[in-house]
Amino acid sequence: MDDARSAIRDSIAQWLEDKGHGGLAAEASVDIPTEGGHGDLTSSVCLRAAKSLKTAPQALARELAEFLGSHVPMVAAAEAAGPGFLNFTLQTPWLAQVVNDIRVQGPAYGRSDTGQGQRVLIEFVSANPTGPLVIVSGRAAAVGDSLARIMNASGYRADREFYVNNAGNQVMKLGQAMFLRILELRGQAIGDWPEGVYPGEYVVDVARQYLQAHPEFAAEAGGEALFWELGQFGAESFRKVHEAVLAAFGVTFEHWTYEKDLRDQQAPEQVVARLEALGFVREADGAKWFLSEQLGDDKDRVLVKSDGAYTYFVPDAAYHAQKFERGYDWVIDLLGPDHHGYIGRMRALVTALGFPADHLEIMIIQLVRLVRDGQVVRMSKRGGQFVTLEQLIDEVGVDPARFFFLERAPNTPMDFDLGLAELKSSDNPVFYIQYATARIHSVLRQWREGVHADLVWEPALLSQPLERRVLFALARYPDIVRRAAMDRAPQYLPKYLTELAQAFHAFYRQHRILDEAPAITMARIALCEATLSVLSLGLGLLGISVPEQM
RNA sequence: GUCCCCGUAGCUCAGUGGAUAGAGCGCGGGACUUCUAAUCCCGGCGUCGCAGGUUCAAAUCCUGCCGGGGACACCA
């Protein structure tokens, strides 16, 4: 498909140059049309170039169509259409070569060097280690992980990173909650639960773990040092749980970076000192302010409070400076919707430190509502009631959960239909796709059990319309992956895979594979293998399994 | 009040400045002595929130307005 696009593009450019308009070559784009009826490929070059060439678009299109129809080998037909579009129909046997490409390239099919080896750091989830992972973390995990897979397939070198907030106030609060739970576990009455201390039942488990690890624990009074120690223990305990749940979800991180380590390395002090040296800090009202407004932020931000403590922004600023210093060309953060006020100041920081601000990309992962039978399933953090990622995985399974999260653009709030995700039928899109792989495996098993002459498959035999539909879908795959990487849009893949599976099911229903003439069988087996290969690659980029039978 | 995201079919949502705006669900009809019917086929005029603007061309870009959600601490 790429070959055809560039061949047509080159021919158009050549034609323009022959006409003395080589400068218009940049307008010679060739696209895959959104819907059928407009050929396999389309170009709007005539509409774009008409003005410069002082010719009506339709006339231009007719002239070009005639030229291209006879000058581009894989084009079966080129025609002018509508207000001046060029539509191309590719020769089916040429299209069928994609089956060979897929076989020869194996796992490399669809890979590209779009990213040119640039290094990318994708930070996501980074949930506070003070409680279980909630549903929206699952969405971030699915998107971040899949984006990393897609970018790695597209010539980037992407790493996944989890930032552990284990040095802030919330750790202290966790420690305080653990302390109270420990007292409870010992049968001590603690009266009313204090305001602002995590009430969640889940803290009890961590408190119990601490007692097991420290049977000698005897403190009867609280205090910051004790809360801190308990909090550290609890935070690491929750972090390990997060790591395990995410691993079960198919998501692993190359790096875990701890806020506490950054603090121990004096990273916050250093970043404040650097900003001061660069002249981006002023003092007012006893506090130190980052002059971010002049760098595009809404207003200046406090770095050091009048009591001498850092704001939350400082360790985070230090962390982001460090990301670029570690040699990453692109830094991508997946953040919750409550963080979007953060974008301005982070951009300002990156600019102040001399890094390219547009290489910090912040994706907002919007909230998830659980819905069943049209009713919203309540999830409330207040009162310690959670619907956790772990519960969701138990409920619907990894594959549907990942698919449903990846199906939608990440920056729009989504409804997660529990009933649909649990359905083991074609109504459930992930089963629909997996059913295609199971069907193909089944056919291939039976084929291998048979005895056949050693035939070479013949591309010309894949000429039926429904075969062609599959071929065309297969040929589109590399373009889908490349665009998903460039647009940071994993959601292109679920949609594409649904279309490919649909094309295959339609073909399968209409045509026999195994008991046809040997040459036909051979060609269709090749088509099945190629389809299985692309479905597997695509599902792999989503982190979804490829069942051999269902 | 300022800023950000969203507004597309009954519902949930895709949609890359291009042509007659698509998919899944739901609903109705049809197709199984055949490789998995867990499937396939047929059925879609919807003020792309509204109004302007830019463009040969706008759901898409710009401006304003309306509606929904969120963010706007010397909290983290």
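Quick note on labels: first sequence line is chain A, next is B, and so on, each numbered from 1.
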* Syn or anti for C5(B), taking syn as within 90° of 0? -> anti
How far does the [atom1] atom of [N] sit from the matching atom of [M], given to the nearest Å?
N	M	atom1	value
A57(B)	C65(B)	P	27 Å
G18(B)	C61(B)	P	11 Å
G43(B)	C50(B)	C1'	33 Å
U36(B)	A59(B)	P	47 Å
U63(B)	C27(B)	P	44 Å

Using salt bridge (Lys or Arg N to Asp or Glu O under 4.0 Å) as the criterion, list what pairs up with [X], not counting sequence neighbours.
X	result
Arg445(A)	none
Asp307(A)	none
Glu293(A)	none

So how far is it from [X] [atom1] to [Y] [atom2], rounded to the nearest 0.5 Å?
X	Y	atom1	atom2	answer
Glu395(A)	Leu370(A)	CD	CG	9.0 Å
Asp261(A)	Arg263(A)	CG	CZ	12.0 Å
Leu303(A)	Glu276(A)	CG	CD	8.5 Å

* To do: Find which nucleotide of RNA chain B each of Gly286(A) and Leu86(A) is nearest to by heavy atoms, and output the residue with the more 5' nucleotide.
  =>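 First, find each residue's nearest nucleotide; the 5'-ward one identifies Leu86(A).
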* To do: Would you kindly compare Arg469(A) and Tyr435(A) by the position of their nearest RNA chain B nucleotide and give the one closer to the 5′ end?
  =>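 Its nearest nucleotide lies further toward 5', so the answer is Tyr435(A).
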* Could you summarise the pairing of RNA chain B as dot-bracket text, marking Watson-Crick and G-U pairs under 3.5 Å with ( ) or [ ] inside the strand and | across strands? => (((((((..((((....[...)))).(((((.......))))).....(((((..]....))))))))))))....
Choose from [options] the nucleotide whose nearest atom is closest to any side-chain atom of [X].
X	options	value
Leu514(A)	A76(B), A19(B), C35(B)	C35(B)
Thr42(A)	A19(B), A38(B), C74(B)	A19(B)
Trp289(A)	C74(B), U36(B), C72(B)	C74(B)
Gln549(A)	A76(B), U36(B), A23(B)	U36(B)

Tell me: [atom1] of [X] to [atom2] of [N], nearest whole Å?
X	N	atom1	atom2	result
Asn428(A)	G24(B)	CG	P	14 Å
Phe507(A)	U36(B)	CZ	C1'	15 Å
Arg512(A)	A37(B)	CZ	C1'	14 Å
Lys305(A)	C75(B)	NZ	P	4 Å
Tyr198(A)	C75(B)	OH	C1'	11 Å
His505(A)	C41(B)	NE2	P	10 Å
Asp298(A)	A73(B)	CG	P	10 Å
Lys260(A)	A76(B)	NZ	P	18 Å

At less than 3.5 Å, do the side-chain atoms of [X] and the base atoms of [N] form a donor-acceptor pair?
X	N	answer
Ser44(A)	A19(B)	no
Thr311(A)	C74(B)	no
Arg439(A)	A38(B)	no

Under 4.0 Å, counting only non-hydrogen atoms across every strand here, what does [X] touch: a base, just sugar-phosphate, or nothing?
X	result
Thr498(A)	nothing
Asp285(A)	base
Ala50(A)	nothing
His511(A)	base

Under the side chain to side chain donor-acceptor pair (under 3.5 Å) test, which residues partner [X], sequence neighbours left out?
X	result
Glu224(A)	none
Arg139(A)	none
Arg482(A)	Asp2(A), Asp479(A)

* Structure fact -> Only residue of Val534(A), Leu462(A), Val99(A), Leu527(A) satisfying side-chain contact (heavy atoms from CB on, under 4.5 Å) with Val470(A) is Leu527(A)
* Sequence-distant partners of His21(A), ring pair (Phe, Tyr, Trp, His ring centres under 6.0 Å), two or more places apart ->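 Partners of His21(A) under the ring pair (Phe, Tyr, Trp, His ring centres under 6.0 Å) test: none.
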Would you say [X] reaches [N]'s phosphate, i.e. side-chain N/O to OP1/OP2 under 4.0 Å?
X	N	value
Gln58(A)	C56(B)	no
Gln446(A)	U36(B)	yes
Lys173(A)	C75(B)	no
Lys54(A)	C56(B)	no
Asn87(A)	A19(B)	no

* Are the aromatic ring centres of Phe405(A) and Phe416(A) under 6.0 angstrom apart? ->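 Under 6.0 Å, so yes.
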* To do: Answer with yes or no after comparing the ring centroid distance for Tyr163(A) and Tyr258(A) against a 6.0 Å cut-off, counting only values under it.
  =>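 No: the rings miss the under 6.0 Å criterion.
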* Can you run down the side-chain hydrogen bond (donor to acceptor under 3.5 Å, both in side chains) pairs that involve residues 166-177 of chain A, sequence neighbours left out, and say none if there aren't any? => none
* Asked: How does each nucleotide of nucleotides 10-17 of chain B score, in 5' to 3' order, for protein heavy atoms under 4.0 Å: base (B), sugar-phosphate only (S), or none (-)?
  -> --SSSSB-
Under-3.5 Å N/O pairs linking protein and nucleotides 42-46 of chain B:
none

* **salt bridge (Lys or Arg N to Asp or Glu O under 4.0 Å) pairs, two or more places apart, involving residues 48-63 of chain A** =>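 Counting only pairs at least two positions apart or across chains, the salt bridge (Lys or Arg N to Asp or Glu O under 4.0 Å) contacts touching residues 48-63 of chain A are Lys19(A)-Glu63(A), Glu27(A)-Arg48(A).
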* Would Phe85(A) pass as stacked on A19(B), i.e. its ring centre under 5.5 Å from the base's six-membered ring centre and planes under 30° apart? -> yes
